[in-house]
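Here's the structure we're looking at; comments come further down.
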Amino acid sequence: MFRNRWLILIGVIVVLGLLVWGWRRNSGTAGSVDLVPLLPQAEKRSGPVPPDEAIKVMTVTINGEAKACIREQANGRITFRLTPPPDSWFSASIALDPSVWDKEGDGVLFRLGVDDGKGVYEELLNQHVNPAANKSDQRWIPVALDLSAYAGREIKLILSTNASMPGKGNDLRNDLALWGAPSLVVGR
């Protein structure tokens with residue numbers, strides 16, 4: 001009987017150890033910060049449309065997948081001030097609003113960069129999306145950018161859209177850019 005108690009006690013300890021290990025693995029350092037609710041605190045610029053009209057929060061469904069989005073008309077800029085923790089990433093899906101896929105225009109240039117607060121800007125994303133001309137752009141395009149180099153320092157995370165590619169004019173027609181589910185993810 002004494003031996004059975006020891007076996008039961010050892011079994012309970014093993015089970016508790018596995019539960020703690022699983023909990024720490026799933027929720028210890030892993031997590032994310034959704035940037036959509038932080039939009040009101042972000043600095044917003046746009047032109048020629050005022051920021052309150054050009055930059056909006058909405059839910060958009062593309063190919064059956066709904067995402068909370070920041071819609072930004074081209075020539076917009078959204079700046080979030082944040083301090084990335086170690087092992088952090090910017091994660092989002094980019095697209096143009098499906099309502100403009102079959103309309104005239106030359107697409108949108110999505111740009112994301114970091115200002116380290118010391119006057120140094122590093123561009124991490126520069127991607128042109130034009131679903132009218134390129135059918136493969138008629139989807140959510142996943143983006144994952146490593147921010148671990150900025151861990152522990154306050155930075156400006158800058159989400160920008162340009163109406164056209166550099167040197168191609170400024171075609172604003174149907175430039176409804178979407179930053180789908182933008183977030184800061186820790187412990188990818």
Side-chain angles (χ1 to χ4, degrees), residues 25-39 41-42 44 46 54-103 105-116 121-151 155-166 168 174-188:
R25 185 170 177 244
N26 292 329
S27 66
T29 60
S32 68
V33 176
D34 184 355
L35 296 178
V36 173
L38 300 179
L39 183 62
Q41 290 82 36
K44 298 172 275 302
S46 67
I55 300 170
K56 298 183 182 261
V57 171
M58 58 185 46
T59 299
V60 177
T61 302
I62 296 178
N63 299 327
E65 189 176 358
K67 293 184 183 281
C69 297
I70 298 174
R71 188 186 78 187
E72 179 180 9
Q73 287 183 320
N75 293 336
R77 179 178 169 135
I78 304 165
T79 303
F80 294 95
R81 289 181 182 269
L82 48 89
T83 303
D87 193 26
S88 59
W89 294 72
F90 171 81
S91 176
S93 296
I94 58 175
L96 262 59
D97 192 300
S99 68
V100 302
W101 287 356
D102 60 350
K103 297 192 169 54
D106 64 354
V108 171
L109 180 64
F110 286 82
R111 297 173 59 214
L112 184 132
V114 172
D115 178 336
D116 70 356
Y121 175 82
E122 181 181 6
E123 189 165 73
L124 303 176
L125 173 72
N126 186 315
Q127 186 164 347
H128 184 246
V129 178
N130 187 356
N134 185 356
K135 300 299 180 204
S136 68
D137 285 349
Q138 294 183 356
R139 64 186 175 96
W140 289 116
I141 300 168
V143 173
L145 304 165
D146 187 1
L147 298 177
S148 59
Y150 306 99
I155 62 167
K156 293 178 183 176
L157 184 69
I158 303 167
L159 288 66
S160 302
T161 54
N162 293 66
S164 299
M165 295 292 288
K168 300 286 184 183
N174 302 303
D175 288 346
L176 298 178
L178 302 172
W179 296 92
S183 60
L184 189 68
V185 178
V186 180
R188 260 187 82 164

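Given the structure is predicted, the values throughout are model-derived calculations rather than measurements. Side chains included, hydrogens not; waters and symmetry mates left out as well; all remaining heavy atoms used.
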Euclidean distance, R81 CZ relative to Q41 CD, rounded to 0.5 Å: 13.0 Å

Dump the intermediate steps for side-chain contact (heavy atoms from CB on, under 4.5 Å) on L124 and F90, then the final yes or no. CA-CA 10 Å; L124 303 176; F90 171 81; over 6 Å; no

Side-chain heavy atoms of V36 within contact of P182, under 4.5 Å: yes

When you look at L96 and L176, which way does the side-chain contact (heavy atoms from CB on, under 4.5 Å) test go after all the steps? CA-CA 6 Å; L96 262 59; L176 298 178; 5.8 Å; no

pair I55-E72: side-chain heavy atoms closer than 4.5 Å: yes

Begin with the C-alpha distance, continue with both residues' side-chain angles, and end with the deciding distance and a verdict on side-chain contact (heavy atoms from CB on, under 4.5 Å) for L157 and L35. CA-CA 11 Å; L157 184 69; L35 296 178; 4.0 Å; yes

State, with a plain yes or no, whether a side-chain heavy atom of D87 is found less than 4.5 Å away from one of S148. no

Any sub-3.5 Å donor-acceptor pair from K67's side-chain atoms to E65's backbone N or O? no

Point-to-point distance, once rounded to the nearest 0.5 Å, from CD1 of I94 to CH2 of W140: 10.5 Å

Below 4.5 Å, heavy atoms only, C-beta onward: do L147 and W89 meet side chain to side chain? no

Which value, rounded to the nearest 0.5 Å, describes the distance between L145 atom CG and L112 atom CG? 6.0 Å

List the atom of V185, the atom of S91, and the distance in Å for their closest heavy-atom pair. CG2-CB, 3.7 Å

Under 3.5 Å: donor-acceptor pair, side chain of E122, backbone of V114: no

Might you point out which heavy atoms bring I78 and A42 nearest each other, and give the distance in Å? CG2-CB, 3.8 Å

How close do D97 and R71 get, counting heavy atoms only, and between which atoms? OD2-CD, 4.4 Å

Passes side-chain contact (heavy atoms from CB on, under 4.5 Å), F110 versus L178? Steps please. CA-CA 9 Å; F110 286 82; L178 302 172; 5.7 Å; no

Between CG of L39 and CG of D34, what distance do you get to the nearest 0.5 Å? 10.5 Å

I62 and W101, any side-chain heavy atoms less than 4.5 Å apart: yes

Min side-chain heavy-atom separation L38-V33 under 4.5 Å: yes

Enter the distance from F80:CZ to L184:CG here, rounded to the nearest 0.5 Å. 10.5 Å

Donor-acceptor contact below 3.5 Å, side chain D175 vs main chain N162: no

Minimum heavy-atom separation for R111 to W179, with atom names? O-CH2, 3.6 Å

Which pair of heavy atoms, one from V60 and one from P98, lies closest together, and at what distance? CG1-CD, 3.8 Å

With no hydrogens and no angle check, is any side-chain donor or acceptor of N75 less than 3.5 Å from a backbone partner on A163? yes

Separation between CG of D116 and NZ of K156, rounded to the nearest 0.5 Å: 10.0 Å

With a 4.5 Å cut-off on side-chain heavy atoms, are I155 and L82 touching? yes

